[in-house]
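The sequence lines fix the lettering, A, B, ..., with proteins before strands; numbering per chain opens at 1.
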Amino acid sequence: MSPERPPVGERFRREMSGGRRGRGDAGLTVPPAEFTSYYGRPILKPPVWTWEIAAYLFTGGLAAGSSLLAAGGQLTDRPAVRRAGRVAALAAITASAGLLVKDLGRPERFHHMLRVAKPTSPMSVGSWILAGYGSAAGVAAIAEAAPLLPERGPLRLARRALPPLGRAAGLAAALTAPALGTYTAVLLADTAVPSWHEAYPHLPLVFGGSALASGAAVGLIAVPPAQAGPARRMAVAGAALELYGAHQVETRLGLLGEPYRTGRAGRLLRAGRTLTAAGVAGAVLAGRNRTVAALSGAALLAASLATRFGVFHAGVVSARDPRYTVLPQRERLARRRAAEAPDG
Amino acid sequence: MAEAHPVGFQWVMEARKRGAKVFHVDPRFTRTSASADVYLPIRAGTDIALLGGVINYILTNELDFREYVLAYTNAATIVSEDFVDAEDAEGLFSGFDPATGSYVQDSWQYAGHERDSGSGHTATARETAAGLRHESHGAPIAGQVERDETLQHPRCVYQILKRHFARYTPEMVQRVCGLPPEKFLELARAWTQNSGRERTGCLIYSVGWTQHSVGVQYIRTGAIIQLLLGNVGRPGGGVLALRGHASIQGSTDIPTLFNLLPGYLPMPHHAQHPTFDDWVNAIRHPGQKGFWGNARAYAASLLKAYWGEAATPDNDFCYGYLPRLTGDHGTYQQVLDMIDGKIRGYFLLGQNPAVGSAHGRAQRLGMANLEWLVVRDLFMIESATFWQRGPEVATGEIVPQECRTEVFFLPAASHVEKEGTFTQTQRLLQWREKAVDPPGDARSELWFFYHLGRRLREKLAGSPLPRDRALLDLAWDYPTHGPHDEPDAEAVLREINGYDIATGRPLAGFAEARDDGTTAVGCWIYAGVYADGVNQAARRRPGGEQDWVAAEWGWAWPANRRMLYNRASADPQGRPWSDRKRYVWWDESAGRWTGHDVPDFEVTKAPSYRPPPGASGPAALAGDDPFVMQADGKGWLYAPSGVLDGPLPTHYEPAESPVRNPLYGQQGNPTRKTYRHPVNSVNPSPPQEHSQVFPYVFTVSRLTEHHTAGGMSRTVAPLAELQPEMFVEVSPELATLAGLNHLGWAHLVSARAVIEAKVLVTDRLVPLRVDGRVIHQLWLPYHFGFEGLVTGDSANDLFGITLDPNVLIQESKIGTCDVRPGRRPTGAALGELVDDYRRRAGVTPGAVPPAVTPGVPIGPPGSGGDGEGNG
Amino acid sequence: MVDAQGRPGGPATPAAPPPGDPAAGAGWVDAPPRMGFFTDTSVCIGCKACEVACKEWNGVPTSGLDLLGMSYDNTGALTANSWRHVAFVEQPRPAGHRGGSEPTEAPASGATEFLGMPAAGPPGRTGTAEGRSDFRWLMMSDVCKHCTQAGCLDVCPTGALFRTEFGTVVVQEDICNGCGYCVSACPYGVIDRRVDDGRVWKCTLCYDRIGAGLTPACAQACPTESIQYGPLDELRERAAARVATLHERGTPEARLYGHDPHDGVGGDGAFFLLLDEPEVYGLPPDPQVTTRDLPKMWQRAGVAALAMAAGAVVAFLGGRR
Amino acid sequence: MGLRDVLLGWPVYRQLTGADPLGRGAAAQSARSAALTPRTEAADRVARSVCPYCAVGCGQRVFVSGNQVTQIEGDPDSPISRGRLCPKGSASKSLVTSPLRQTTVRYRRPYGTEWEDLDLDTALDMIADRILAARAETWEDVDAEGRPLNRTLGISSLGGATLDNEENYLIKKLFTAMGALQIENQARI
């Protein structure tokens, strides 16, 4: 017996508070069939992931966006942009690693992630991406420290070798960044969580856009407005992708879009949208003002954070209420049976 | 059965797979109901009305298995013309003695045997729970009787039976039990259609039948049906008792019971059995048929096993050493005596009366008023900690600093830490091997009692007192082994089996027991378990390597016979009734009985054998008398003797019932055993006033997940979590009526106690419409107490003490109560609540409702009897 | 609509191992026959011997002491601490699911019905013994399904979850690092993380026992053979025969669940005979392994990644300096 | 363990070189999993026993390592139970190995408020003394009419239905010899 463990019923009652005697979604084209659940209990296990994973969705995206920003700066010779991007990327990816390890049930076994390489597991793929990207982003960021190294002595060589290494690493990071920024959408979608899984065509856009926007935000905040033109444009592009994707998620999933529109997830996603709009507007209209630019950047970061948490919570809600499991599956069954019927 | 004996239930499921139809009768829909074909919700305490309805259905439609009934039962026997049936006297049979509340049975006898029956007045029989003796054999009566083979004689058993149950119609069953007639008829039809030459049906019961003030008669009613349908002594038939403890059968065979000695020999009574001869002659009826006729050999051999060399024919085998009964010394009498300060010391051996016995408060108050208490158990049970943590400590009725009881808790060895035999529910003895040593101070009972006896004898050595002779002369030298000097269980089993004293050869069977002091037999019905010096109970030939009777797995008493009275599986001529129901039959060419089982018959006695005039004992059994332990060789539809509350079962309402008996003026069993003691109150029942103060019926039983008083399940984590809290099941209608909420609290009140429980509202309980009224029934598990991993109030606290007259088993399957939402009061307020209910119900503590319902005429008790109860 | 890419369940995607022989698809050469459970709920008596026998053998800790009020179910669900779970469903009516065409006394709303739960009122509906004569008490011992296409196994990043030579799906307690991915990937809600341990746990089909030719603890204990263990092919035949028998004997509602190799998970290694719709027992009506859509997910992610890269390129090249 | 062994033991290497390229089966199996055997196979001995709960009498096999019960399960040979057990029978190992079991003598003196420890031998001796005292104080030789009684009503006992026949036999024999007849068990209840 372990007294510190909450009694089993506590757990269920908590989970059941998500479920309720609700009506079916009015937006459904077919009236929902009545069904009997098992005491309103969830059929699925709600994700055991906690806030760390939602936060990682943000930091991973931030890292990816930042690396793209840095590479752009590197290639278009905007050192401030490059520097900000590289540093932000390293910070974000370090935070990501910390969050991921912290969320493990057995953190000391984090290295088991590289025990196998499984294409069927987005988390395995992600781990290898993370390993590759992380090394590159790390080297790129460290290269920014080259000017600080002494011009004489044993570190002299490093001072000289780092910038080209950093350039290569920066490009490598940028090449893997889009994968890092979007694989997390697959990570969520490749589950039995109804609202995540059904959103798989759209979630990558949301996450990619959000990553881009948060990278742009780094530029808005850390780069003098004179060099921040690309960041502003990146913000627009990211926001567009994100808002389009989110719109699809909320409107194309039928009943399973409901968790994205209601409750905490709905509030977070609405807040994300508002902040995105505000951030983009600020950046585009008054981005040459350093303060406004920084505020816009902050808004975009907050928007990305809110969006990630919103998506995360929507999935949890959909897993907790048996309606979201049963009704779409019943409809799928009905369609299949209709298709199999002799008269077609 | 699925609920309390799941592994046994596999055989019911097996039968269902082969097309058997299963009916389940229970006040509440259980796991058994869920697996049955038909479920019949019944008002608790009305089974005799239901079964009586089936008897009426059989007799009215002449659906009995006539050939079987005529040959093997006493249907044709003529009963005394003095007999007056309960049907003709408002529910009382002839011979009722209001002074003792018991019957004089002379008028119940077979015609011509009214005076020599030897049964007579039953007041003493009731006090000594004499009915228990008949577990192995019938009551003593004369063997030769008058018969009418046409069954037309108005006083033949068949006609009496028919008249007795004539009013138990489907409509009456509905009025009494609350069962719709079509459901009843479905049962009656299926039962009768599934019986006869080609088919058999079986009847299974458990303490849902025994724990009633009319419990023995429930089983009698079932037995009458099975005899009428030819379902006794045949494969797939029978009246099967599911017992609830690993060796509860064994503890009756080798009794730790006040009124019995091993093998169902009665404990002697001071007035009835002053001498050895008186005792033996009272056990068997002179001139009776059957094997019980050899009782003298069993008795003498037991005393030889007890007192060894000191027991000689000259001193009546130390018969004088046996303590004598003077009346009721049963467990409930003991508890009341404890409260009254009459008992000094109490041993509890793997039993937890503070939770498991009726009227828990009385149990705990009794234990708090001892000088010393020895508790031997695996766990710290409620009966060991009542002085510290019991509910009476909370109410201030027991104050630890003022409670004088000295308590010894001695840890016991578990079933894997000792070797020995259990006797399971079908009389099968199975030997257990020891797996490990018991931990710490834990010891077996064998160790404890052997060494306690050794020490007592050491302390008394040289004592000149006559009272100490029985201890000092006791044969008490068992070999021991191991570091703790554990007695050798196999040596004890050998003594139980019995042996020839001169040679030490273990007896092969009870037929070898002698009454001349040359054999010692610890329990005659177990003779043969150590035949050939081999522990037959340890046999474990795999079931898959044997036929379906599996005679080489363990050992069943008597004589390794797996089915009793199996001579009845063949027709009077010894041929199987049908090919698909063949079991034991007469092999003409070999001149012996043969079959799948050990024949329950003298193996070379031909079906055509007829006893010479004047024969007695086994020799008096004819070749077609299959009931070899019955005094007339017949199955008893009508019991002229041996059952104290009537020769035929009769529906009486439980001691506490919200319903007036629809069948008779007599409300309850007139012979039920009651106790006038201030601690014991009985809720009023109609026609008494104020019965509506306790408007609901409650019943208790087991859950699959727990065991009895919880000592072996509430202490075990993987079981405790499966049913983690005390609860009460109520129907949605009652929940609405009483304002109860699902998973909310409720408390239940009787004239004895108030307990609380969580509410489970469930459709598995239904209100029943009975005689124009709606009766609500509640159900509670009785497993909970205040110790262990999971705790709760004890359901048995609600019950009072009223007993069945035959075996002194308490009525703890039904009582009346009130139920209220919310938790019960605590402290002094708790007692006040119960007091208030008693006041409103007009209950005076210690007062007992009249045995005979006012207005019911009482005929003359008749003559005879032992007279003792008349004083 | 709900499933924009909705398609009738067809054969497994080519990338998946051949149905029915998952062990061979997982690198086992000369694997023994695939072993599984057939749980026949029509003979389940709800005794919970399976729950206890499993715990005793596998050393599974208790789930906690809490009266749930879900009939006699006080463990609630399959969890890390209950690898067998007996569901109890008290039904005052014969069937749980009603199509729109059937006449029904119940309101036709999309309501989640709380059996026996403290909801708007007590669950009684009819009020008399007669009205409840069609009462049923369903019991069902649930367990990990050991899917042919197991989502948990597919997504496990450490290889802690693996396919054994018997075709079963087992968590290796020495490998699992508690990432929790499998928990969300299971379409049945089976696998679960143990709170004070951090790793995930579920039925192993007694991998240690069956390796030695023994029967899994739950099946060995089951008093009524509700839980049957054996080669999956044999079990499927037995189950089909049992359904036919039940249909003959007037139980038309008997149906198999998880037996079909062409269902969304390629068939279950542990399948069931049910007497009502799956969701009544807390089972999903049409589970699909999530990785079935994985190729399309990567495709969409690729598109998004390209869009992302393009966005960045445009941002830097598309504007004035 | 050399680098070579580490590499060979690395599932990714096995994925690349073996029949399980996706790392879902053979390649992912750990050394521990590969070496698993049921603990019953390692038992020193197996005692054939009978379930201690109800009276169906199901066969049990008790597996022992050292002096420790490691598993109790149904005995497939039993024609009664065919290897099956109910939840209670299945919990037998937890019953006999329960940490809640009392394994030492506990003593509560008259008017005491707490349990105390007591030596088993002393306890046995004290109980014997109390029996003799109770017997002496409550002994009845004869009834009012001089007929023998030979008994004490000062001592009671309850229990036996969970005990062995051999134990019940000794209990009844000893109590009867000491003149104590108020002996009862669950069969009365």
Side-chain angles (χ1 to χ4, degrees), chain B residues 5-8 243-246 248 250-252 254 256 258 270 323-324 329 331 334 344-347 349-351 372 400 404 406-407 409 411 414-416 420-422 424-425 430 432-433 435-436 439-441 445-446 449 453 455 470-471 474 489 492 542-543 550 553 707 715-716 718-719, chain D residues 47-50 52-58 62 64 67 77 79 81 84 86 91 94-96 100 102-106 108 110 113 120 128 130 134 143 147 149-151 154-171 174 177 179 181-188:
Chain B
H5 301 86
V7 185
R243 311 203 66 176
H245 302 250
I248 191 163
S251 69
T252 329
I254 297 178
T256 31
F258 83 90
H270 74 127
R324 304 300 206 266
H329 309 289
T331 182
Q334 289 170 32
R344 310 292 164 100
Y346 193 16
F347 289 86
L349 314 172
Q351 189 130 6
W372 48 271
R404 68 171 174 171
E406 185 182 27
V407 185
F409 182 94
S414 77
H415 76 296
V416 300
T421 52
F422 283 153
Q424 53 80 277
T425 196
Q430 300 184 93
R432 291 186 334 276
E433 296 165 1
V436 292
D441 292 341
E445 309 303 306
L446 208 61
F449 279 93
R455 206 165 294 222
L471 268 172
L474 197 65
V492 178
W553 182 274
H707 187 60
T715 47
V716 178
L719 294 174
Chain D
R48 316 211 33 192
S49 192
V50 178
Y53 286 96
C54 85
V56 170
C58 300
V62 183
V64 181
N67 196 35
D77 286 347
S81 56
R84 305 164 195 183
C86 77
S94 286
L95 172 78
V96 301
L100 294 183
Q102 279 294 328
T103 56
T104 57
V105 176
R106 306 292 280 158
R108 185 254 176 180
T113 54
L120 177 60
R130 277 151 188 72
D143 65 10
R147 294 174 293 202
L149 289 176
N150 286 332
R151 71 180 188 189
I155 298 171
S156 289
S157 175
L158 183 65
T162 59
L163 307 179
D164 299 348
N165 291 314
E166 295 75 16
E167 295 177 324
N168 277 304
Y169 181 76
L170 286 200
I171 294 168
L174 182 65
L181 53 73
Q182 295 175 134
I183 311 307
E184 290 279 77
N185 73 46
Q186 179 66 35
R188 184 82 64 209

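With contacts defined as side-chain heavy-atom distances shorter than 4.5 Å, the pair D:Val62/B:Glu433 does not qualify.
For the set D:Thr104, D:Leu181, D:Leu95, D:Leu120, the entry with the most heavy-atom pairs within less than 4.5 Å of chain B is D:Leu181. Interface remark: of the candidates D:Cys58, D:Ala47, D:Ser157, D:Ser157 forms the most heavy-atom pairs closer than 4.5 Å to chain B.
The CD atom of D:Gln186 sits 9.5 Å away from atom OG1 of B:Thr331, with the distance rounded to the nearest 0.5 Å. Considering CD1 of D:Ile183 and CZ of B:Phe347, their distance stands at 8.5 Å, rounded to 0.5 Å.
Heavy-atom distances place both the backbone and the side chain of D:Arg130 under 4.5 Å from chain B. Looking at D:Asp143, only its side chain comes within 4.5 Å of chain B, counting heavy atoms on both sides. Of the atoms belonging to D:Val50, heavy atoms from both backbone and side chain fall under 4.5 Å from chain B.
Using a distance-only test at 3.5 Å, with no hydrogens or angles considered, a donor-acceptor pair links the side chain of B:Gln424 to the main chain of D:Val56. With hydrogens and angles ignored, the 3.5 Å screen pairs a side-chain donor or acceptor of B:Gln334 with a backbone N or O of D:Gln182.
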Fill in: Chi angles and distances behind the side-chain contact (heavy atoms from CB on, under 4.5 Å) call for D:Thr162, B:Gln351
CA-CA 8 Å; D:Thr162 59; B:Gln351 189 130 6; over 6 Å; no

Practice prompt. Go through the steps for D:Asn165 and B:Thr421 under the test side chain to side chain donor-acceptor pair (under 3.5 Å), then give the verdict.
Written response: CA-CA 6 Å; D:Asn165 291 314; B:Thr421 52; 3.0 Å; yes

Item to complete: For side-chain contact (heavy atoms from CB on, under 4.5 Å), just list the numbers for D:Arg151 and B:His270, CA-CA rounded to whole Å, side-chain angles, deciding distance to a tenth of an Å, and then say yes or no.
Response: CA-CA 11 Å; D:Arg151 71 180 188 189; B:His270 74 127; over 6 Å; no

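Of the listed residues (D:Leu170, D:Leu163, D:Asp164, D:Asn168), just one forms a side-chain contact (heavy atoms from CB on, under 4.5 Å) with B:Glu445, and that residue is D:Leu163.
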